[in-house]
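Have a look at the structure below, then the notes.
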Amino acid sequence: MTSQTVPTAWPAEALYRFLTIVGATVDIVPQPAGGLPGQHAAVCRGCDADYTYAVGVSYDLKKWAQGHSETCRALPRPTT
Ligand SMILES: [Zn+2]
């Protein structure tokens, strides 16, 4: 049996969160840094890859986040 540690505290901006196979997260956030009003993005907290969608949260955005979380093996930088 395997166990995974799921971060319990979400960033306030995260609307959806996908867990990668190594414990990082892919967060869907509104108006990413440098983005335009209304834009949303999926951002991997492990490798910093991102995918931006023009307006709102689309099926494509969730699909990218799901797909990336299934394959990314980058670990998030330690916070301490
Ligand atoms: Zn990644």
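As the structure lists them, so they are numbered: ligands from 1, and atoms in each ligand from 1. In this chain, residues are counted from 1 in sequence order.
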Notebook entry, point to check: Measuring from Trp64:CH2 to Ser58:OG, what's the distance to the nearest 0.5 Å?
Noted result: 12.0 Å
Next item on the list: Give, for atom NE2 of His40 and atom OH of Tyr16, the distance between the pair rounded to the nearest 0.5 Å.
Entry: 8.5 Å
Check: Mind checking whether Thr20 and Thr25 have side chains closer than 4.5 Å, heavy atoms only?
Finding: no
Item checked: Gap separating the OG atom of Ser69 from the CD1 atom of Ile21, nearest 0.5 angstrom -> 9.0 Å
Note to self: Filter on salt bridge (charged side-chain N to carboxylate O under 4.0 Å, His left out), then keep only pairs touching residues 43-57, sequence neighbours left out; what's left?
What the structure shows: Glu13-Arg45, Asp27-Arg45
Notebook entry, point to check: Do you know how many protein N, O or S atoms are within a distance smaller than 2.8 Å of the Zn ion (ligand 1)?
Noted result: 4
Notebook entry, point to check: From Lys62 NZ over to Tyr51 OH, what is the distance, rounded to the nearest 0.5 angstrom?
Noted result: 13.5 Å
